[in-house]
Amino acid sequence: MTLFKELNLDQQILRAVEQMGFTEATPIQEKVIPFVKEGKDLIGQAQTGTGKTAAFGIPLLENIDTEEKVTQGLVLAPTRELANQVAEELNKLGRFKGIEALPIYGGQEIGRQIKALKRRPQIIVATPGRFMDHMRRKTIRPQTLKMIVLDEADEMLSMGFIEDIETILAEVPKERQTLLFSATMPKRLQSVTKNFMKDPEVVAIKSKGLTVSSIEQRYIEVPEKQKLDTLRYLLDIDPPELSIIFGRTKRRVDELSEALSQVGYAVEGIHGDLRQERRDKVLRKFKKGTINILVATDVAARGLDVTGVTHVYNFDLPQDSESYVHRIGRTGRAGEKGVAFTFVTPREMEHLKDIEATTKSKMKRQSLPTYAEAMAGRYQQAIDQLRETVRKGGYEDLDEAAKGLLDEYGAETLVAAALKMATKEPDDKNIKLTEEASLRPKKSSFRGKSGNNKGNKGRGRNNKFSFDKQGRKGGRDRKARR
DNA sequence: AAAAAAC
C-alpha cells in the first residue's frame with residue numbers, strides 16, 4: 001500500500017488529492033503515476049472502477065507547464081458522458097495548479113465551444129468525432145499537444161472510432177507521450193500501439209477474471225413476457241439505493257422507464273437519441289438521488305462513474321461479454337459491494353454460458369421471485385416508511401383526528417390500514433412492453449423471399465467466414481491496412 | 001442486429 005504523500009507529487013496536486021478525500025493510492029495509480037511522470041508511453045490494462053482516471057490524470061496534470069498558454073494534453077473517450085466526467089475529475093485535481101480541462105463533444109453548440117477553446121485550456125477531453133471537426137475547422141491546433149490519453153480504447157474500437165483515432169494520432173507531433181487504457185487488447189488495438197506508441201510500458205492489474213469480486217453476480221431464467229413483473233418483484237424484495245437497468249434498444253429503454261414510472265418508481269431513461277441536455281439532466285438527477293433507478297442502453301455501460309450504485313439489472317442479456325463486464329462494473333465501485341442480476345430467456349442460456357466462459361466468472365442461479373415475496377417486500381417498505389415518519393415527528397396538528405379515529409376503529413385496525421395505504425400498488429395495472437428483445441431472431445420473423453435461412457442451418461458460429469469484433473467484413477475498411 | 005459518435 002502506497003500513500004499519495006509518498007508518490008512525490010507536486011504540492012498543489014497533492015493538496016487537491018487530499019481535499020478530494022484520498023490518501024491511499026490504488027494499485028493502478030501506484031504503478032502508473034511514476035511511469036507517466038517520467039514521460040514514458042504506457043498501456044494500462046485495468047478493469048473499471050480501479051481509479052484509472054486519477055492514475056493518468058495526476059501525472060498528466062503534473063507534466064503540464066502552466067507557464068505555457070497552449071493546449072498540451074488531450075484525452076479521447078468513447079462517450080460524451082465519460083468525457084464530461086473525466087474533465088470534471090481533472091478540473092478537481094488540477095484546481096490548485098490552475099489547470100483547466102475542457103470537455104469537447106458533439107451535441108453542444110459549436111460556437112460556444114470555439115469561444116471556450118480560445119481560452120486555451122491546457123487539457124481537452126473529447127469524443128473523437130467532435131475533436132476531428134475542430135481539427136478541420138482549425139479551431140484546435142493539435143501541433144501543441146504533448147500528451148495523448150486514449151481512455152477505454154477497446155470501446156472506441158468497437159464503436160468504430162479507430163480510424164478517427166489514427167487520423168488524430170497522425171496529426172499530433174511525433175514528440176509526445178501516448179497513454180492507452182483498455183480493459184481488453186484486441187488485435188486491432190495492438191496494431192495501434194505498435195504504430196503510434198514508443199516502447200510502451202505495460203501495466204496490467206492482475207485479477208482472476210475480468211470482473212470485480214465485490215460484485216455478486218446472479219442470473220434468473222425468465223421468459224420474455226415475465227421480465228417486467230420479475231424486475232418489479234426484485235425491486236420490491238430488495239429495494240436498491242441506486243440502480244441501473246440495462247435494456248437492449250433505445251425503444252426498449254423508453255418503454256421500460258415509462259412502465260416503471262407508471263407504477264410509482266423514481267426512474268428515468270437515458271440513451272443516445274435523447275438530446276444532450278436531457279442526457280445531462282437525467283444523469284444529474286441520478287447522481288443527486290432525485291431518482292434512484294436509471295434505465296439505460298449501453299451508453300451508460302462505459303466508464304460511467306456514479307458512486308453508490310448498489311444494483312445492476314441486465315433486463316436484456318448483453319450482446320457480448322465485454323458489454324457485460326462494463327455494465328456490471330457500474331456497481332461494486334471503489335471496493336463497495338454490489339449485486340448484478342441478469343435476465344436470461346430460455347433460448348439465451350447458451351449465450352450466458354459463453355459470457356461466463358469469457359469472463360471466467362460464474363453467475364449464481366436464482367429462481368424466479370414470487371408475488372408473495374414481492375408483497376412482503378412492499379409491506380416491509382411501508383413499515384419502514386411508517387417508522388421513519390414516526391421518528392421525524394411533526395404531526396401534532398393531527399392529534400385530534402387521531403383520537404377520533406382511535407375511538408372509531410381501534411389501534412390495530414388503524415395501523416394496518418395506514419400500512420396498506422403506504423404500500424405500493426399491487427399489479428392491477430396492465431402494463432406491457434411491445435418489443436421483444438431476444439438475441440436470436442424470432443422464428444416467425446418475416447425475412448422476405450431470400451430463402452437463405454435454410455442454407456445456413458446448423459452452421460452459425462463455426463462459419464469460418466465470420467465477422468470480426470467490429471462486425472465488419474474483412475477488407476471493407478475505408479483505408480487499406482498497412 | 002444494436003448502440004455510440006460530427007455537422
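This is a predicted model, so every value here is computed, not measured. Letters A, B, ... mirror the listed sequences (proteins, then strands); counts begin at 1.
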Begin with the C-alpha distance, continue with both residues' side-chain angles, and end with the deciding distance and a verdict on side-chain hydrogen bond (donor to acceptor under 3.5 Å, both in side chains) for A:Asp236 and A:Tyr265. CA-CA 10 Å; A:Asp236 293 338; A:Tyr265 296 92; 2.8 Å; yes
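- Note: CD (A:Gln319) to C1' (B:dA3) measures 9 Å, nearest angstrom.
- Taking 4.0 angstrom as the limit, A:Thr127 places a side-chain polar atom (N or O) nearer than this to OP1 or OP2 of B:dA6.
- Contact annotation: A:Arg80 side-chain N/O to B:dA6 OP1/OP2 distance is under 4.0 Å.
- Counting to the nearest Å, the P atom of B:dA6 and the CD atom of A:Gln108 are 10 Å from each other.
- Taking the side chain of A:Tyr105 as heavy atoms from C-beta on, and the options B:dA6, B:dA3, B:dA2, the nearest nucleotide is B:dA6.
- The distance from atom CD of A:Gln113 to atom C1' of B:dA5 is 13 Å, rounded to the nearest whole Å.
- The side-chain contact (heavy atoms from CB on, under 4.5 Å) test with A:Gln122 singles out one residue from A:Thr144, A:Thr71, A:Thr66, and that residue is A:Thr66.
- Within the nucleic acid shown, A:Arg279 comes within 4.0 Å of sugar-phosphate atoms alone, with no base atom in reach, counting heavy atoms only.
- Between the side chain of A:Arg136 and the base of B:dA6, at least one donor-acceptor pair of N or O atoms lies under 3.5 Å.
- B:dA4 atom P lies 7 Å from atom CG of A:Asp273, rounded to whole Å.
- In this structure, CG of A:Asp133 is placed 5 Å from C1' of B:dA6, rounded to the nearest angstrom.
- With sequence neighbours excluded, no residue forms a ring pair (Phe, Tyr, Trp, His ring centres under 6.0 Å) with A:Tyr219.
- Of the side-chain N and O atoms in A:Ser158, none sit less than 4.0 angstrom from OP1 or OP2 of B:dA4.
- With distances taken from any side-chain atom of A:Glu81 to the nucleotides B:dA5, B:dA3, B:dA1, the minimum falls on B:dA5.
- The distance between atom NE2 of A:His271 and atom P of B:dA3, rounded to the nearest whole Å, is 9 Å.
- One interatomic measurement links the two molecules: CZ of A:Arg327 to P of B:dA4, which rounds to 11 Å at whole-angstrom precision.
- Looking only at distances, a side-chain donor or acceptor of A:Ser257 sits under 3.5 Å from a matching main-chain atom of A:Asp254.
- Atom-to-atom, CD1 of A:Ile162 to P of B:dA5 comes out at 17 Å; the value is rounded to the nearest Å.
- Within 6.0 Å of the CZ atom in A:Arg95, the count of heavy atoms belonging to other residues, nucleotides or ligands exceeds 12.
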